[in-house]
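Step one of this worksheet: look at the structure below.
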Protein chains: 2
Amino acid sequence: MSDRHSLSALMILKLGSLFTLSDEETQALHDLPIQAIDLKSNRDIVRIGDSSLQCFLILEGYASSYKLTPDGQRQIMALHIPGDIPDLQSLYLKRMDCSIASLSPCTVGFFQVEELRRVCARHPRIAAAFWRDTLVDASILREWVVNVGRRDAYTRIAHLLCEFLVRLEAVGLVQGGTFDFPITQANLADATGISAVHMSRALKALRDNGLIQTRRRYLSVPDWQKLQEAGEFDPLYLHLEDNVAAGLLRTSQLETAAL
Amino acid sequence: MSDRHSLSALMILKLGSLFTLSDEETQALHDLPIQAIDLKSNRDIVRIGDSSLQCFLILEGYASSYKLTPDGQRQIMALHIPGDIPDLQSLYLKRMDCSIASLSPCTVGFFQVEELRRVCARHPRIAAAFWRDTLVDASILREWVVNVGRRDAYTRIAHLLCEFLVRLEAVGLVQGGTFDFPITQANLADATGISAVHMSRALKALRDNGLIQTRRRYLSVPDWQKLQEAGEFDPLYLHLEDNVAAGLLRTSQLETAAL
DNA sequence: CGTTGCCCATAACCTGTGTTAACAGGCTCG
DNA sequence: CGAGCCTGTTAACACAGGTTATGGGCAACG
């Protein structure tokens, strides 16, 4: 039971960053029955074509939405972090149009789509918050089209890392510019539409230019300002609440000050 | 008044293809006050950063969502056809994260976001239909990421054309495999993330292979089956209602029979 | 404590696509 | 009716990034 509390806390944090929730609404989310499951890395959670009656919330670890082309190439079109509900679309779409897999060891919490629909019907503002969440996901996808369509590999990767950092920061998973980063170069390549070999080259360039540091399974950003410039990054499209955006700015100042 | 009827008819057709609406719900949509405006080609309708109090419905012509990179490159991340509400996201996002411009002479109908919110509050199933619509748009964006990230220019263009044809067909704008196509090669290039010159080369290849025919401002698809194969096209991601999908299949058979 | 299997790095070579430029056809507009 | 302008075509050349191959580090496991 206390488990439950901490499980949904993350989702509430996320939704709260998009939309201010009342106590009653918060309670309604707390009361959603949820079943937590642990997963190894690289496991499909849902598959393209599935029509599932459940949704899941990421509690720990990272996941990705992806598709395969007929010749076996893979494209990742979304990265998911703790607090995300990657298949929230199942609320209104019958079949999954992509697969979702863990990118690292993960804990995910499953709940019934039916239950979620009920909560949405009873609490229109929660429905609005979820809707808003899916709209932000769509906005991120628009930026990804730009990223993959018009930026060169170096810029593209810098942009991806900027976005990842900001999103992690919003759920409190960045400490002093450093965050957990167990994602392989092959996966990063699939997310940016380049080859794994070239990902290796480009990451080396980013390292050599002092934009990122990779130690073990962690990634650090020593100069947030410079990485943003390298990635042509403007967080507008993340539609953060003003207070969150302000927090980001503050953090970035702290970081640069810490140098 | 009779004007109004025909204006919203298109939107109702579109929503109806996503979700079955009751008479009362249909009426509520009819009653939405809407202001029609004519536009020339290549005019911005909304701009990135705007926080608008209105949404618009495309009544005639095509439009695109796009962003510019700092060095002046353009990426189109969505094509909009009659029946679409390209900035429906304004319902819950404060600022536009992309610009939207006409791709051809257009008629668009503006309505107040506030009015729309009221209709959604009063008619939960309409809200659901709109939500579903935005979810389908997100699904299309996912496919675009795959398209731009992992397919070569030839396949990519074929895929884009397949999608365009299917979406037009769903609102009755295709006759015998032929549809209005006033979109310049430069715009197509921006939508697929390639250069205008290479777009010209690739379109020539598609023509030479008999996959498309371009006459004046129209485009024909003489062999729907072959174009689908060339574009690795699977309409699953468009989340069409079964009856619409069946209609498509029928049409495609008629077409091939007509040859 | 060797084996197996990732993951990453690097080199050599190849190719799809970008770039630049020049030209032709068709619109629009004075 | 000619001047511009936009659109599309084609050619020659350049280069970012793909492909293939090899080797090294390291964790998991028997």
Side-chain angles (χ1 to χ4, degrees), chain A residues 40-43 62 64 69 71-75 101-105 147-160 180-209 212-219 230, chain B residues 40-43 62 64 69 71-76 101-105 147-160 180-208 212-219 230:
Chain A
K40 294 192 176 167
S41 191
N42 285 313
R43 295 286 183 274
Y62 304 134
S64 69
T69 59
D71 57 328
Q73 290 187 96
R74 209 166 82 111
Q75 177 69 43
S102 56
L103 279 179
S104 70
N147 209 32
V148 172
R150 286 297 183 210
R151 295 201 251 259
D152 64 21
Y154 184 85
T155 315
R156 208 183 288 187
I157 298 161
H159 191 283
L160 184 85
D180 193 27
F181 201 71
I183 304 176
T184 65
Q185 294 187 357
N187 281 323
L188 278 181
D190 288 341
T192 43
I194 66 179
S195 70
V197 173
H198 200 58
M199 178 54 70
S200 176
R201 293 194 273 243
L203 283 176
K204 175 171 161 50
L206 284 167
R207 265 185 268 116
D208 290 350
N209 291 339
I212 59 172
Q213 287 164 10
T214 51
R215 297 189 316 271
R216 314 256 177 87
R217 321 222 123 221
Y218 288 87
L219 194 145
Chain B
K40 296 193 175 166
S41 191
N42 285 312
R43 296 286 184 273
Y62 303 135
S64 70
T69 60
D71 57 328
Q73 289 187 94
R74 210 166 82 111
Q75 176 68 43
I76 290 176
S102 56
L103 278 179
S104 71
N147 209 32
V148 172
R150 287 297 184 211
R151 296 201 251 260
D152 65 20
Y154 184 86
T155 315
R156 208 183 289 186
I157 298 161
H159 190 282
L160 184 85
D180 193 27
F181 201 71
I183 303 176
T184 65
Q185 294 187 357
N187 281 323
L188 278 182
D190 288 342
T192 44
I194 67 180
S195 69
V197 172
H198 200 59
M199 179 54 69
S200 176
R201 293 194 273 243
L203 282 176
K204 175 171 162 52
L206 284 167
R207 263 184 270 116
D208 290 351
I212 60 173
Q213 287 165 10
T214 52
R215 297 189 317 270
R216 314 257 177 87
R217 320 222 124 222
Y218 289 86
L219 195 145

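Per chain, numbering begins at 1; letters A, B, ... match sequence-line order.
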Exercise for the section: Verify, without hydrogens or angle tests, whether A/Ser104 (side chain) and A/Ser41 (backbone) share a donor-acceptor contact under 3.5 angstrom. Expected result: no

Exercise for the section: Report the distance from atom CD1 of A/Ile212 to atom CG of A/Leu206, rounding to the nearest 0.5 Å. Expected result: 5.0 Å

Under 3.5 Å, which protein N or O atoms sit close to an N or O of nucleotides 6-12 of chain C? Give each pair with its distance.
unit_1 : atom_1 : unit_2   : atom_2 : d
C/dC8  : OP2    : A/Gln185 : N      : 2.8
C/dA9  : OP1    : A/Arg207 : NH2    : 2.9
C/dA9  : OP2    : A/Gln185 : OE1    : 3.4
C/dA9  : OP2    : A/Gln185 : NE2    : 2.5
C/dA9  : OP2    : A/Ser200 : OG     : 3.2
C/dA12 : N6     : A/Arg201 : NH1    : 3.4

Handout entry: Closest heavy-atom pair and its distance - A/Lys40, A/Ser102
Key = O-OG, 2.7 Å

Problem - Contact nearer the 5' end of DNA chain D, comparing B/Ala196 with A/Tyr154 - result: B/Ala196

Practice task
State the OG1-CG distance between A/Thr184 and A/Asn42, to the nearest 0.5 angstrom.
Solution key: 7.0 Å

Handout entry: B/Tyr62 side-chain N/O to B/Asp180 backbone N/O, donor-acceptor pair under 3.5 Å
Key = yes

Exercise for the section: Indicate yes or no for a side-chain donor-acceptor contact from A/Arg150 to the backbone of B/Arg74 under 3.5 Å, with no hydrogens or angles considered. Expected result: yes

Fill in the blank from the handout: Residue pairs passing the salt bridge (charged side-chain N to carboxylate O under 4.0 Å, His left out) test with at least one member in residues 191-207 of chain B, sequence neighbours excluded, are B/Lys204-B/Asp208

Problem - Considering all heavy atoms, the nearest A/Met199-A/Ile194 contact - result: CE-CD1, 3.6 Å

Exercise for the section: For A/Asn147 and A/Leu160, work out which heavy atoms get closest and say how close. Expected result: ND2-N, 4.3 Å

Problem - By salt bridge (charged side-chain N to carboxylate O under 4.0 Å, His left out) - contacts of A/Arg156 (at least two apart) - result: none

Handout entry: Heavy-atom contact window of chain A on DNA chain D, given 5' to 3' at under 4.0 Å
Key = D/dG17 to D/dT20

Fill in the blank from the handout: To the nearest angstrom, the CZ-C1' distance between A/Arg151 and C/dG18 comes to 18 Å

Practice task
Taking atom types as modelled, find out whether A/Asn209 and A/Tyr154 have a side-chain donor-acceptor pair closer than 3.5 angstrom.
Solution key: yes

Handout entry: Close side-chain approach of B/Leu203 to B/Leu188, heavy-atom, < 4.5 Å
Key = yes

Problem - Global bending angle along the helix from C/dC1-D/dG30 to C/dG30-D/dC1, which compares the axes of five pairs at either end, to 10 degrees - result: 40°

Problem - Base versus backbone protein contacts along nucleotides 25-30 of chain C [heavy-atom cut-off under 4.0 Å; B, S, -] - result: ------

Problem - Main-chain N/O of B/Asp190 paired to B/Gln75 side chain as donor or acceptor, under 3.5 Å - result: yes

